[in-house]
Amino acid sequence: MQTHVRSYLRAAPRTARIKIVLPVAILAACFWAVKLRFEGFDAALLSQALASITPAAWSISLAATFASFLAVARYDAMFHGWLATGVARSRAALTGAASIALSQFLGFGLFTGTLCRWRMLPDVSLPTAAAITSYVSAAFMVSLGLLTGLAFSHSGFVFSGTTTFSAMAVCAAIGLCILSLRQPAWLPFAIPPIPLMLRIIAATSIDVAFAALAFWILLPGDLGLSLPLVFSVFLLGLGAGLLSGTPFGLGPFEVCILTLLPQVPTANLLAAILGFRLVFFAIPACLAFIVLAWPPSPAQSKKSDVQRPLPPMSNLAAEAGFAAISSAHDLSRLAQSVCVTAMASQSLVTIGDPVYGRNLDVADLDELHRIARTSGLMPMIYKCSGRSAAAARRAGWAVIATSEEAWMRPAGFSLEVPECRQLRRKLRHAQRAQVVVKTADHPPIEAMSAVAHSWSKPNGGERGFSMGQYSHQYVAGQNVFLAFQGDNLVAFATFHTGPENWALDLLRSSDRTPDGTMHALIVAAIQQAKLEGIVRVSLAAMPLKNAPWPLSALSKRSCANGLRQFKSSFAPNTQTLYAAAPTRLGLVLGGVDILLRIRYPDAPTVDQKSNAEFLLRHAKTLPRQGLPFTRFAFQRRI
């Protein structure tokens, strides 16, 4: 452990020195300021003031401290769930309460909190413990700043800059919400989702309210001090003490309390401060030292996830291969099914219908809601069928139609039907341009990459999240159809494949692609699927024909009507796809979240163990072996 501590200090020696020297300097300055206030003070008055605190007041202060630390324990539990560390919620809560109790007693919060969490959670690495400590500290200070600004604006306590301070706190909160939605790439860390931030603010409100009560009840009752007034002053003093990093928070807290509550006799005020130090700092720290002395074994610190058996199924849907696109995507087991899920900045999104099991039912939705809440996110379903949408309505969720899926039965596909008149014309154009469609066991990756780059440049880059992103590792597990003009690759299409169904994923063309080439690629894929006995080929989603605003505005802006015209030329079957969330506000926020993730995707990070080829190879053995997937193996920027 000493080796890791030395490594931690060597990593940032200047910062480490500042963090040590600055609190000492602050403590000395505060000691000097308090010394001036207490010149000529009679110590006997302090003894009398301490004796005047009734047993009932001590009892209420202790009870309020206990309630405050119950709220404190939730910080770590929430961040462990969001960062998917796998630590049991109860263990995370106990670790968080002990770490905060020790860090506020010893000072140097980031350092002592990190070491405490690292010791109590043997399966958690030192960087992860530091990340949890940093997130908890930053979230608490931001919430405290917001609450302090709001408290001063409603307490009647006025000082120069009160309005400015309150406005700055509110603006900072709004700015954090915008950053949380956007998650810009230049940020060195991920901003917690808005639902998690709201829960943190609620926990902080409970925490500091009971902490202020623990202090207020120790003050003389005959002075008529209102709790809102003491609450505001207490918040300012608490924030100053925590920001200073001094041991015990000593110095800044006392200066703020003594300066902002001059109407309270000095002896009584000092007695309340000493009593609060004992009840809220010393006693919890002693208990934390006891907990720290017996850390759990690695097996005890991890949560167990008992899986319920699934009903036997014959195969895994082709769309399961989409889980391979990035570390934010996974195959997640719900109550009765397995779904492709993706973690956005605010939402845990189920994309499409289950790839293993029946349609989503109410039990699946309850499980999705539970998992999302554990991760600090909102649950959402995107591009699900009418049956899954009906289950969502029965569960009381808000539902809206978003698009239509075009799909084909290869056995019944024919170019001679009247509805394929436009398609036949496009195929003749491709034939005159001498376009030839081929398949290959070993696709020409360099040529495909050049075509993909040529497509993405005029289209504003690759899309993502619910759309496939090109990478050579990703397409390696798919069926690839290549369009050549002579020896030049001019376009390609890729399909996720399953034992009985295929699903269109990528369509990429270059600036030299002849008219009708993309139509020829799809026709070749449908004909190949027919030869292989595939029952269903999905051409993926297309815009609604009469979409409501704002979906119609988005379709016009993205030229999505051309996509509908293209897919309609194959005379496909169609089914309406829906989005659903527990509330209308969640549906709107989740929709914005998804649109941002589609337009500004992270770079694809393909997990070779999760590609379609691997999944399909194990599909028939799933009921006997159990699912070879983990729930939420997400890689956060921590």
Side-chain angles (χ1 to χ4, degrees), residues 74 76-93 132 180 190 192-200 302-310 319-320 322-323 326-384 388-389 391-392 394-398 465-466 579-583 586-587 589-590 593-594 597 607 610 622 626-636:
R74 296 187 60 193
D76 277 60
M78 287 187 284
F79 278 111
H80 275 282
W82 178 57
L83 295 173
T85 61
V87 175
R89 188 176 182 85
S90 58
R91 173 56 59 181
I132 294 290
S180 178
I194 294 174
L196 181 59
M197 288 195 287
L198 292 176
R199 290 166 62 189
I200 290 170
K302 286 289 183 177
K303 65 182 178 182
S304 60
D305 190 10
V306 179
Q307 300 282 6
R308 291 183 291 273
L310 288 173
E319 288 83 357
F322 188 70
S326 79
S327 59
H329 294 70
D330 203 357
L331 287 172
S332 300
R333 183 171 180 171
L334 303 180
Q336 299 293 332
S337 60
V338 176
C339 299
V340 175
T341 56
M343 183 179 279
S345 63
Q346 312 299 313
S347 311
L348 177 64
V349 184
T350 295
I351 301 177
D353 276 344
V355 296
Y356 183 75
R358 59 193 184 190
N359 293 308
L360 292 172
D361 59 17
V362 175
D364 290 320
L365 299 178
D366 291 341
E367 180 70 2
L368 178 66
H369 202 162
R370 185 192 68 79
I371 299 170
R373 183 173 177 81
T374 300
S375 302
L377 301 169
M378 300 179 300
M380 185 159 182
I381 306 171
Y382 184 56
K383 292 184 177 179
C384 69
S388 296
R394 289 196 300 273
W397 288 31
F465 194 73
S466 61
T583 64
L587 190 62
L589 189 59
D593 196 15
I594 291 172
R597 300 285 79 75
D607 179 4
S610 298
L622 284 175
L627 292 172
F629 327 122
T630 57
R631 178 183 287 166
F632 304 130
F634 300 113
Q635 299 173 0
R636 288 286 187 181

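What's counted below: heavy atoms across the whole structure, side chains too, no hydrogens, waters or symmetry copies.
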Interatomic distance, I351 atom CD1 to C384 atom SG [nearest 0.5 angstrom]: 12.0 Å

side-chain contact (heavy atoms from CB on, under 4.5 Å), paired with D361, selected from N359, L365, D364: D364

Gap separating the CD1 atom of I381 from the OG1 atom of T341, nearest 0.5 angstrom: 12.0 Å

Heavy-atom pair with the smallest gap, counting every atom of A92 and A77: CB-CA, 3.9 Å

Non-hydrogen side-chain atoms of S347 and L377 separated by less than 4.5 Å: no

Any donor-acceptor pair under 3.5 Å from S180 side chain to P192 backbone: yes

Close side-chain approach of I371 and E367, heavy atoms under 4.5 Å: yes

CA sep, side-chain torsions, deciding dist, call: L196, F79, side chain to side chain contact (heavy atoms under 4.5 Å, CB included): CA-CA 9 Å; L196 181 59; F79 278 111; 4.2 Å; yes

Separation of L368 CG from M380 CE (nearest 0.5 Å): 11.0 Å

Beyond-backbone contact of C339 with L334, side-chain heavy atoms, under 4.5 angstrom: yes

Approximate separation, where rounding is to 0.5 Å, of M78 CE and S375 OG: 13.0 Å

From T374 atom OG1 to H369 atom NE2, the distance as rounded to the nearest 0.5 Å: 10.0 Å

For P193 against G376, the heavy-atom pair lying closest together: CG-O, 3.2 Å

Closest non-hydrogen atom pair, A580 against A392: CB-CB, 3.8 Å

Sub-4.5 Å side-chain heavy-atom contact between M378 and P582: no

Over 12 non-hydrogen atoms of neighbours within 6.0 angstrom of CZ in R199: yes

Residue list, salt bridge (charged side-chain N to carboxylate O under 4.0 Å, His left out) with D593, at least two apart or on another chain: R597

Side chain proximity check, L360 to P354, heavy atoms < 4.5 angstrom: yes

Within-4.5 Å side-chain heavy-atom neighbours: L587 and W397: no

Shortest non-hydrogen contact from F465 toward A342: CE1-CB, 3.5 Å

Minimum heavy-atom distance A372-P379, with the two atoms named: CB-N, 3.7 Å

Euclidean distance, I132 CD1 relative to D76 CG, rounded to 0.5 Å: 6.5 Å

Residues that Y382 engages under ring pair (Phe, Tyr, Trp, His ring centres under 6.0 Å), provided they are two or more places apart: none

